[in-house]
Amino acid sequence: MSEIQQDEQTQIKQRREKLSLLRDKDIAFPTDFRRDAIANELQVNHGKKTKEELDATPIRVKLAGRIMTRRIMGKASFAHIQDMSGKIQLYVTRDTLPEGFYNTQFKKWDIGDIIGTEGVLFKTKVGELSVRVDTIRLLTKALRPLPEKFHGIVDQEIKYRQRYLDLIMNEKSRKNFEIRSKIVSYIRQFLTERQFMEVETPMMQSIPGGATARPFTTHHNALDMGLYLRISPELYLKRLVVGGFERVFEVNRNFRNEGLSSRHNPEFTMLEFYQAYAEYGDLMDLTESMLRGISIAICDSTKISYQGEIYDFGKSFERMTVVESILHFNPELNLDDLSTRETAVSIAEKLAIPIKDNYGLGKVQIEIFEKTVEHKLMHPTFITAYPVEVSPLARRNDKDHHVTDRFEFFVGGREIANGFTELNDAEDQAARFQQQVNEKEAGDDEAMHYDADYITALEYGMPPTAGEGIGIDRLVMLFTDAPSIRDVLLFPQMRPKS
RNA sequence: GGGUUGUUAGCUCAGCUGGUAGAGCACCGCACUUUUAAUGCGAUGGUCGAGCGUUCGAAUCGCUCACGACCCA
């Protein structure tokens, strides 16, 4: 049975009939209504006034919005309409509308319909700011009934697949996306104030670089060539630093062909920024002040509550190296256990971590870190000194050649940011690419490609530079107290529903 | 990929060890000029996610599949 047939047996049929009557009588979808007010502004500007103040100097308003609730009591009705800013109550009576309109028009409208109205502000008996309506028009007939008014939409699947319903019904969802927008605006302003320039670099790349991840592939017909959706903008942004744009940033989508989970969506938003004549330590300081600023802008406090825990961005963030953090969370281990590949592998095996033959000491250390440390890094923490082996684009530390001048930032047990002093030694970079190619040939399909064009760019000279990426979705989750990345993506990736 | 779990009216949910499918909201009708989960009375609405099996009989038991949720790798 088709969906249409089934629909026609229900409320949708009744609504189609109402629409059909409208079409016969008048313009069914008028576009000429203009409003001069929105609900929340009225609440803010006039909500605190007394009944007497409102009656003494009548305030006339034109409003538009969707009918969300309705209470018909004979010759008078109350209704709430919702617009982009919030809700406001309407008071509609038979005798203030044209003869017959109340019974033959207004009472036939449905919850979900979109209306335009004019009237005067007043306070009800219980003190709710409302509009005493004298003019009201139907602007858009809704054919489908809205979800139940009290519970709204709780079915996760409908929330994600029909986001518009979630947005109509759930204020918390609207709020989450408003916060997302504010965070991105804050970041743009924060960086622009510091002389960073916003740029856009290719989403479609012939060599997917800048990260280790499985890419999506596509094909360009005219050029008859394969292309990859980017996994990172990094190598293009650094080409711009070579070109003399010494502070650049990009906030946009990356694509990774990996699984879906509460923390992963195949397309996700990254902020990446690069600053010449800076080191990774400078970016850790910058990250601290950016997060502190976001927290104050969004939460009015340096403390945020996430899934029942309180995190404080006001204090200076903790900093420790990868090895220090492993020893801290595994007190039974000592430095020697992590100093040779042989001892580290035996630790990893005790932890049931699968170790491949081609893993060097650095990779084994990172596996142990990910298994035993990452999820325990609850309070804002920078982890530094990542092994060279897992950091093919980061500058080698001058004192310890096994590690790089790199950090990752964690809060709530999740990685939020990754930054380092950039490798601007073209010869070292060429050798690192070659190492990646060897690993790819050995079967690691996440290893990087050799990007000869990028090496050429470095050979022209890239100033000493530090760069960083921040996962915007995970950051927004933190500030919206969202348990799943899907709660901060307007249209998360879903399997098609057959 | 593995484990747990869910899918019943437009929405939120009941439905016991198998015996004719239920409620609230929404919708339709009636009453009602300060309600706000309005209220009162009455009516409508279902291939119980899909398929196969067990059975005299399946929303309920079994298997397979689809789409979610949570946990693990």
Side-chain angles (χ1 to χ4, degrees), chain A residues 1-19 39 43 51 54-55 66-82 86-97 102-103 106-113 119 121-134 141-162 164-166 168-170 258-264 307 348 351-355 367 370-372 374-375 413 482-487 492-498:
Chain A
M1 161 163 344
S2 83
E3 200 185 332
I4 300 284
Q5 279 173 318
Q6 192 144 21
D7 286 347
E8 296 306 315
Q9 293 164 12
T10 65
Q11 298 176 43
I12 295 172
K13 185 180 179 189
Q14 295 164 346
R15 290 184 178 218
R16 279 191 203 283
E17 282 163 4
K18 289 178 183 177
L19 174 60
Q43 305 283 10
K51 200 177 180 64
L54 287 169
D55 291 344
R66 190 185 293 277
I67 302 174
M68 298 302 291
T69 61
R70 204 167 50 145
R71 294 168 290 282
I72 297 176
M73 299 162 303
K75 299 178 193 67
S77 297
F78 287 94
H80 275 97
I81 59 165
Q82 176 169 286
K87 291 192 183 85
I88 192 161
Q89 183 169 256
L90 307 181
Y91 180 60
V92 183
T93 56
R94 188 192 66 180
D95 298 339
T96 50
L97 295 178
Y102 182 82
N103 283 314
F106 174 77
K107 276 167 76 172
K108 306 284 181 199
W109 298 346
D110 293 294
I111 288 173
D113 288 353
L121 292 181
F122 78 109
K123 280 267 171 99
T124 63
K125 262 185 189 168
V126 292
E128 179 170 347
L129 184 71
S130 306
V131 181
R132 193 185 306 277
V133 166
D134 50 52
K141 182 71 200 164
L143 294 177
R144 289 175 183 265
L146 286 181
E148 193 255 344
K149 65 189 169 192
F150 187 61
H151 299 89
I153 295 271
V154 299
D155 187 312
Q156 293 285 21
E157 197 172 347
I158 299 177
K159 279 172 71 109
Y160 300 147
R161 287 187 197 275
Q162 294 180 276
Y164 46 89
L165 284 180
D166 179 40
I168 291 169
M169 300 306 296
N170 299 327
E258 291 160 4
L260 286 77
S261 79
S262 60
R263 292 179 300 283
H264 299 89
Q307 304 292 297
L351 292 164
I353 300 168
I355 297 295
E367 293 286 327
E370 285 175 0
K371 172 92 176 193
T372 65
E374 225 180 82
H375 62 280
S484 169
I485 195 171
R486 294 188 188 102
D487 297 322
Q493 192 58 238
M494 301 286 280
R495 217 179 283 260
K497 199 160 188 186
S498 59

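Lettering follows sequence order; numbering is per chain, from 1.
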5′-ward residue of the pair A:W109/A:A79 relative to RNA chain B |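 That would be A:W109.
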
Quick one: on RNA chain B, does A:P483 or A:F78 contact a more 5' nucleotide (nearest heavy atom)?
->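 Result: A:F78.
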
Separation between OH of A:Y160 and CD1 of A:I153, rounded to the nearest 0.5 Å =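 The OH atom of A:Y160 sits 12.5 Å away from the CD1 atom of A:I153.
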
Atom pair CD1 (A:I88) and CG (A:L129), whose distance is rounded to the nearest 0.5 Å |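 The distance works out to 4.5 Å.
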
Taking only residues two or more places apart in sequence or in another chain, which ones pass ring pair (Phe, Tyr, Trp, His ring centres under 6.0 Å) with A:Y91?
->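 Ring pair (Phe, Tyr, Trp, His ring centres under 6.0 Å) list for A:Y91, sorted by chain: A:F78, A:F122.
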
Using purine N1 to pyrimidine N3 plus N6-O4 or O6-N4 for Watson-Crick, or N1-O2 and O6-N3 for G-U wobble, both under 3.5 Å, which nucleotide pairs with B:C41?
->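 B:C41 is paired, partner B:G29.
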
Check this for me: does the side-chain of [X] come within 3.5 Å of the base of [N] through a donor and an acceptor?
X     : N     : result
A:Q11 : B:A26 : yes
A:T93 : B:U33 : no
A:Y91 : B:U35 : no
A:Q89 : B:U35 : yes

Below 3.5 Å between N/O atoms, which protein atoms pair up with nucleotides 6-9 of chain B? Just atom names and distances, please.
none

Among the nucleotides [options], which one has an atom lying closest to any side-chain atom of [X]?
X      : options             : result
A:D110 : B:U35, B:C28, B:G68 : B:C28
A:I72  : B:C27, B:G10, B:C32 : B:C32
A:R161 : B:U35, B:C11, B:C67 : B:C67

Tell me whether the OP1 or OP2 atom of [N] has a side-chain N or O from [X] closer than 4.0 Å.
X      : N     : result
A:R486 : B:A69 : yes
A:R71  : B:U39 : no
A:R495 : B:G68 : yes
A:K75  : B:U35 : no
A:K18  : B:C28 : yes

Distance, P atom - from B:A58 to B:A73, rounded to whole angstrom =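 Rounded to whole Å, the distance is 44 Å.
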
Can you tell me, in whole Å, how much space there is between the P of B:U17 and that of B:G6?
->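 One P to the other, the span is 14 Å.
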
Return the value, rounded to whole Å, for the distance between atom [atom1] of [X] and atom [atom2] of [N].
X      : N     : atom1 : atom2 : result
A:K123 : B:U35 : NZ    : P     : 16 Å
A:E148 : B:C13 : CD    : P     : 10 Å
A:L146 : B:U12 : CG    : P     : 13 Å
A:I81  : B:U36 : CD1   : C1'   : 15 Å
A:R16  : B:G10 : CZ    : P     : 15 Å

Only one of A:T96, A:L97, A:T93, A:D95 forms a side chain to side chain contact (heavy atoms under 4.5 Å, CB included) with A:Y102, so which one is it?
->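 When A:T96, A:L97, A:T93, A:D95 are each tested with A:Y102, the side chain to side chain contact (heavy atoms under 4.5 Å, CB included) holds only for A:L97.
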
May I ask you to say whether A:D110 pairs ionically with A:K141, meaning some side-chain N is under 4.0 Å from a carboxylate O?
->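 Answer for the salt bridge query: yes.
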
Partner residues of A:E374 under the side chain to side chain contact (heavy atoms under 4.5 Å, CB included) criterion, sequence neighbours left out |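 Result, side chain to side chain contact (heavy atoms under 4.5 Å, CB included) vs A:E374: A:F369, A:E370, A:F410.
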
